[in-house]
2 protein chains.
Amino acid sequence: MDNREKLLHAAGRIYAEVGFRGATTRRIADEAGVNEVTLFRLFGSKSQLIAEAINCQDPMGAVSLPRIPVDPWRELNDWCAGHATALREMRATIRKTMADLEEHPDMGPHLCRGQTVHFNELVAYAQRLVALHPSVRDADVATSCSMLFSALFGDAMGRDIMPMVYPQPEEGATARYVETFLRSIGVAPSSASGAWSATSSLPAVGPA
Amino acid sequence: MDNREKLLHAAGRIYAEVGFRGATTRRIADEAGVNEVTLFRLFGSKSQLIAEAINCQDPMGAVSLPRIPVDPWRELNDWCAGHATALREMRATIRKTMADLEEHPDMGPHLCRGQTVHFNELVAYAQRLVALHPSVRDADVATSCSMLFSALFGDAMGRDIMPMVYPQPEEGATARYVETFLRSIGVAPSSASGAWSATSSLPAVGPA
DNA sequence: CCAGAACGCAAGCAAGCGCTTGCATCGAAC
DNA sequence: GTTCGATGCAAGCGCTTGCTTGCGTTCTGG
């Protein structure tokens with residue numbers, strides 16, 4: 001790993017910890033095991049280093065939804081679990097980026113674009129799902145997807161500071177989000193209209 | 001307004017703008033029209049000033065839910081609209097506080113506690129609502145409330161930076177969240193089980 | 001063998017930081 | 001009328017900030 005990469009990794013870690021103002025060039029250089037002068041020789045300024053460090057981060061894991069829904073509950077659950085894990089792992093970076101966004105607008109778009117792409121994948125899947133479900137008529141698919149997305153986001157961002165607001169225990173939260181989501185678009189396994197290979201109404205939530 | 005109040009207000013404004021590290025004592029004193037020395041004489045340190053400035057902010061408006069649901073759609077809509085407005089007005093402060101939380105843990109709890117209280121009010125209302133609705137059996141009320149809450153939070157925090165993820169237009173978003181929420185707990189106006197004085201399925205969303 | 005790029009090191013610069021000191025001013029209380 | 005608490009003002013303390021300069025070392029390609 002050359003000095004560029006070392007500095008980018010260190011900058012990403014320290015930025016996630018203390019934000020833009022807290023991430024001093026001396027500290028980044030120390031953590032990277034590189035001389036501070038080299039930092040400026042390679043990146044020109046602190047702003048460019050950090051912008052590059054943020055923008056090179058892969059915002060999401062490799063989870064994806066199939067084109068044709070087969071087992072919606074399982075597929076959505078896997079997708080949401082992957083998304084939630086990715087959000088939790090990037091929690092610190094996301095928090096700092098949202099706070100620094102007004103002062104450094106060139107730092108956030110990469111993260112947001114990744115989120116939007118991911119969201120569109122969910123909407124497309126859900127639309128195919130309700131299309132396959134003739135009895136569903138008046139669902140607001142886009143809003144349901146938005147709420148599911150916000151639930152995962154809020155959970156990842158807020159559970160550590162106000163746990164009472166989110167479903168307990170943490171391990172079962174994703175499943176409950178998906179269940180509630182399916183119910184809101186009228187495709188719940190427990191709904192009156194016949195469902196897929198739906199499992200029981202609250203699967204494997206663990207001890208409350 | 002005495003110097004204490006002037007400093008508290010200035011500190012709150014500047015903190016919302018640039019966070020803890022960016023809010024320098026010189027800038028706060030200037031914006032308050034007070035000498036910097038007076039700041040230290042009154043508050044002792046920058047940390048105490050800002051902690052007091054954050055903790056004295058009223059986190060929520062005066063909206064509240066009635067004990068007995070009468071017109072759930074209207075009551076929830078009013079409550080959510082008020083909550084959303086309050087969140088949007090405090091958006092900058094909330095973002096900065098979430099980012100600074102790990103370094104200054106004594107600064108966030110006040111905001112979080114206000115949110116939790118508000119959330120509990122929603123849960124209690126929703127539980128009375130489904131209790132009044134005998135045909136509803138297998139709703140996950142807590143999770144539905146959590147998702148509604150997260151939807152309002154995510155909308156207030158994220159719409160300005162990734163608008164595609166949230167329902168359009170902004171003015172109609174709250175109504176759609178409430179509709180979807182009611183549908184997820186099985187009390188939708190368009191549900192098969194008879195509803196209250198429910199209005200049409202998508203009331204007054206405005207031009208799409 | 002040697003030019004040149006990449007890098008480390010020591011030092012420093014101007015600016016800003018939180019915070020303190022010393023002193024003059026001023027209005028109210030006794 | 002005098003004391004006293006609250007405030008402003010000028011100056012400065014020690015430290016950190018982003019960033020630069022100058023120079024010596026190491027390695028590599030021709």
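Below, chains carry the letters A, B, ... as their sequence lines are ordered, and counting in each starts from 1. Values reported hereafter were calculated over all heavy atoms of this structure, with side chains retained and with hydrogens, waters and symmetry mates removed. It should be emphasised that the depicted structure is a prediction, and the values quoted were computed from it without experimental measurement.
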Handout entry: Nearest-neighbour nucleotide for the V37(B) side chain, dG12(D), dT21(C), dG12(C) considered
Key =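 Given the options dG12(D), dT21(C), dG12(C), the side chain of V37(B) is closest to dT21(C).
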Practice task
Name the closest nucleotide to the N3(A) side chain, picking from dC7(C), dG18(D), dG18(C).
Solution key: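 My answer, after comparing the listed nucleotides, is dC7(C).
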Separation of [N] [atom2] from [X] [atom1] (nearest whole Å):
{"X": "D2(B)", "N": "dT7(D)", "atom1": "CG", "atom2": "P", "value": "8 Å"}
{"X": "L7(A)", "N": "dC19(D)", "atom1": "CG", "atom2": "P", "value": "14 Å"}
{"X": "R21(A)", "N": "dG18(C)", "atom1": "CZ", "atom2": "C1'", "value": "15 Å"}
{"X": "I14(A)", "N": "dG18(D)", "atom1": "CD1", "atom2": "C1'", "value": "15 Å"}

Handout entry: Strand-adjacent residues in residues 38-54 of chain A, judged by heavy atoms under 4.0 Å from DNA chain C
Key =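 Hits under 4.0 Å, by residue number: T38(A), R41(A), L42(A).
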Exercise for the section: Measure distances between side-chain N and O atoms of R26(A) and base N and O atoms of dG18(D), and say whether any donor-acceptor pair falls under 3.5 Å. Expected result: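 Side chain to base: pair present.
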Considering residues, nucleotides and ligands other than [X], do more than 12 of their heavy atoms fall under 6.0 Å from its [atom1]?
{"X": "R128(A)", "atom1": "CZ", "value": "yes"}
{"X": "R91(B)", "atom1": "CZ", "value": "yes"}
{"X": "M164(B)", "atom1": "CE", "value": "no"}

Problem - Sub-4.0 Å heavy-atom contacts from residues 27-36 of chain A onto DNA chain D, ordered by number - result: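 Only E36(A) qualify.
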Handout entry: Closest heavy-atom pair and its distance - L76(A), L182(A)
Key =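 Closest approach of L76(A) to L182(A), heavy atoms only: CD1-CD2, 3.8 Å.
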Practice task
Examine K46(A) relative to F20(A) and say whether NZ or CZ is less than 6.0 Å from the centre of the six-membered ring and inside a 45° cone about the ring axis.
Solution key: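 Yes - K46(A) lies over the ring of F20(A), closer than 6.0 Å to its centre and within 45° of its axis.
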Exercise for the section: Decide whether S150(A) and S150(B) meet the rule of one side-chain donor and one side-chain acceptor closer than 3.5 Å. Expected result: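 The criterion, which ignores hydrogens and geometry beyond distance, is not satisfied for S150(B) and S150(A).
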Handout entry: Test ring pair (Phe, Tyr, Trp, His ring centres under 6.0 Å) applied to H118(A) and F149(A), Y125(A), W79(A), the passing residue
Key =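 Passing option: W79(A).
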Exercise for the section: Supply the atom-to-atom distance T93(A) OG1 to D100(A) CG, rounded to the nearest 0.5 angstrom. Expected result: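 Answer for the OG1-CG pair, T93(A) versus D100(A), is 11.0 Å.
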